[in-house]
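All remarks here apply to the structure that follows.
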Protein chains: 2
Amino acid sequence: MPDRSYHHGHLRAALLDQAERTLREQGIEGLSLRDLARQTGVSHAAPRRHFPDRQALLDALAEVGFLRLGDALAAVLDEAGEDYEKRLRAVATGYVRFATENAALLDLMFATKNTGPSDAVRAASARLFTSVGELIAEGQQAGVLPPGDLERLRLLLVATLQGIAALVTSGRARPEQTGPLIADAAGLFLRR
Amino acid sequence: MPDRSYHHGHLRAALLDQAERTLREQGIEGLSLRDLARQTGVSHAAPRRHFPDRQALLDALAEVGFLRLGDALAAVLDEAGEDYEKRLRAVATGYVRFATENAALLDLMFATKNTGPSDAVRAASARLFTSVGELIAEGQQAGVLPPGDLERLRLLLVATLQGIAALVTSGRARPEQTGPLIADAAGLFLRR
DNA sequence: ACCTGAACACCGTTCAAGT
DNA sequence: ACCTGAACACCGTTCAAGT
């Protein structure tokens with residue numbers, strides 16, 4: 001018998017936690033509001049207070065995903081030291097690793113929606129992309145990245161990393177090819 | 001009152017046709033086997049003869065998608081003339097255009113599945129990627145693309161184009177940025 | 001404020017039966 | 001071979017009602 005008072009103020013977080021687990025294990029198709037409520041020990045209508053519909057849950061998960069990815073990249077940069085090429089390769093590796101280890105989450109984060117991303121998701125992704133932009137600016141100032149429009153180069157880098165992850169998770173590239181692909185991509189940007 | 005005999009031998013094609021329309025209008029979430037049967041004028045269990053479950057329908061759509069994309073790129077190459085840089089840019093533009101105009105279809109084609117792509121989907125995508133590989137080989141022989149492993153460069157090109165499309169369709173890049181992004185990507189590969 | 005229980009209109013899937 | 005109709009176990013969503 002679940003302690004109902006536990007969820008006072010924590011139900012939203014509990015649901016999101018469980019949703020992340022289910023997403024990892026079952027993929028996005030296996031994510032059901034009713035199932036989530038069941039596993040969290042509340043009635044099937046309880047999640048509605050926090051997530052008005054299924055899309056609201058997916059948006060919340062996408063937002064969490066962008067925050068987590070941002071944290072992961074910040075951690076990777078912390079350990080990467082001073083050498084710029086090493087920093088760029090570390091971020092590229094970290095991005096693709098996160099994307100392939102959280103494939104269903106990445107699908108959510110970059111899902112095609114008629115309406116475009118919600119405001120919260122847009123804000124979370126903007127923060128991530130801004131930090132990638134700072135890394136790009138760093139490289140341009142150091143003269144090891146091609147000059148030109150910062151935003152375009154930033155988008156192209158993210159696109160390349162996202163595309164590599166998509167090929168791997170969709171089974172179009174073998175996992176062992178991930179490393180070489182990232183190396184080749186970094187080489188293109190670093191004009192090697 | 002639908003003419004039932006019409007579907008003798010054509011139901012599969014009729015279902016796929018309707019599914020393509022629905023996919024374009026409603027996205028992948030709006031694709032239901034029961035709805036499809038209704039719109040095609042057969043009972044809800046009839047599609048089962050051709051598509052044992054929903055995933056079989058999605059796989060068939062993905063296969064159609066890879067064939068269509070292959071046709072589109074072949075047509076684009078036909079019109080592109082002899083100049084190699086023009087040919088590469090034409091393919092890049094054609095790929096991203098197809099991907100953004102058929103966003104839901106592309107989602108299906110590159111969907112993350114536990115099992116990996118079905119044999120039919122794998123074959124259809126392999127054919128497409130082979131033709132991209134031939135274009136890469138052409139460029140390497142002409143000396144306008146970086147030398148090195150053909151498969152790696154081919155995967156990297158597809159990844160870049162796929163990533164650009166993903167950023168646009170997910171609302172992370174504005175549609176007007178598509179052209180510049182493709183130009184920048186081509187510039188990287190062509191060492192401009 | 002937060003949660004419950006019943007209700008509604010959908011699904012995918014299965015299967016015996018019809019032609 | 002190909003399709004139908006009924007049945008089962010699920011969904012998301014809504015809403016009046018409880019504490």
Side-chain angles (χ1 to χ4, degrees), chain A residues 1-23 25-62 104 107-108 111-115 118, chain B residues 1-23 25-62 104 107-108 111-115 118:
Chain A
M1 183 163 172
D3 178 11
R4 284 186 24 217
S5 71
Y6 169 77
H7 289 309
H8 274 272
H10 300 86
L11 179 56
R12 189 190 143 96
L15 288 168
L16 271 181
D17 264 21
Q18 183 58 48
E20 278 194 82
R21 262 193 299 277
T22 305
L23 188 63
E25 291 162 12
Q26 315 268 3
I28 178 173
E29 304 276 327
L31 211 53
S32 130
L33 281 177
R34 286 182 101 109
D35 204 31
L36 218 54
R38 218 174 286 129
Q39 292 167 320
T40 314
V42 293
S43 82
H44 68 263
R48 183 159 222 265
R49 292 288 136 191
H50 306 283
F51 307 109
D53 56 24
R54 191 171 186 265
Q55 189 55 54
L57 172 70
L58 300 185
D59 284 345
L61 284 171
D107 278 355
L108 272 187
T112 302
K113 292 184 302 181
N114 314 341
T115 64
S118 72
Chain B
M1 181 164 172
D3 178 9
R4 282 184 27 214
S5 70
Y6 168 76
H7 290 308
H8 275 273
H10 301 85
L11 179 56
R12 188 190 145 94
L15 289 168
L16 272 179
D17 263 23
Q18 183 58 48
E20 279 195 83
R21 263 193 298 279
T22 306
L23 187 63
E25 292 162 12
Q26 315 267 2
I28 178 173
E29 304 276 327
L31 211 53
S32 130
L33 281 176
R34 286 181 100 108
D35 204 32
L36 218 54
R38 217 174 286 129
Q39 292 167 319
T40 315
V42 293
S43 83
H44 68 262
R48 184 158 221 265
R49 292 288 137 191
H50 306 283
F51 306 110
D53 56 23
R54 189 170 187 265
Q55 189 55 53
L57 172 70
L58 301 186
D59 284 345
L61 284 171
D107 278 354
L108 272 187
T112 302
K113 292 185 302 179
N114 313 342
T115 64
S118 71

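A, B, ... follow the sequence lines: proteins, then strands. Residue 1 opens every chain. This is a predicted model, so every value here is computed, not measured.
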* Looking at A:Ala104 and A:Gly27, what are the two nearest heavy atoms and their distance? -> CB-CA, 4.1 Å

* Rounding to a whole Å, what distance do you find between A:His10:NE2 and C:dA1:P? -> 18 Å

* To do: Working to the nearest 0.5 Å, report the span between CG of A:Asp107 and CD of A:Glu29.
  => 10.0 Å

* Asked: For nucleotides 6-19 of chain C, read 5' to 3', which letter fits each nucleotide if B means a protein heavy atom sits under 4.0 Å from the base, S means only the sugar-phosphate is that close, and - means neither?
  -> BB---SBBBB----

* To do: For the residue pair B:Arg49 and B:Leu11, establish whether any side-chain heavy-atom pair is separated by less than 4.5 Å.
  => no

* To do: Under the side-chain contact (heavy atoms from CB on, under 4.5 Å) rule, what do B:Leu36 and B:His44 come out as? Steps first, then yes or no, please.
  => CA-CA 8 Å; B:Leu36 218 54; B:His44 68 262; over 6 Å; no

* Structure fact -> DNA chain C in dot-bracket form (Watson-Crick or G-U pairs under 3.5 Å, [ ] crossing, | inter-strand) is ||.|||||...|||||.||

* **Test side-chain contact (heavy atoms from CB on, under 4.5 Å) applied to B:Gln18 and B:Leu15, step by step** => CA-CA 5 Å; B:Gln18 183 58 48; B:Leu15 289 168; 5.9 Å; no

* Does A:Arg34 offer a backbone N or O that forms a donor-acceptor pair with the side chain of A:Ser32 under 3.5 Å? -> yes

* Asked: Should A:Leu33 and A:Asp53 be marked as a side-chain contact (heavy atoms from CB on, under 4.5 Å) after you check the CA-CA gap, both sets of side-chain angles, and the distance that decides it?
  -> CA-CA 8 Å; A:Leu33 281 177; A:Asp53 56 24; 5.6 Å; no

Show every donor-acceptor pair shorter than 3.5 Å between a side-chain atom in residues 54-62 of chain A and any protein atom, with sequence neighbours excluded, or say none if there are none.
residue: A:Arg54; atom: NE; partner: A:Leu31; partner atom: O; Å: 3.1
residue: A:Arg54; atom: NH2; partner: A:Ile28; partner atom: O; Å: 3.0
residue: A:Arg54; atom: NH2; partner: A:Leu31; partner atom: O; Å: 2.8
residue: A:Gln55; atom: NE2; partner: A:Asp59; partner atom: OD1; Å: 3.0
residue: A:Asp59; atom: OD1; partner: A:Lys113; partner atom: NZ; Å: 2.9

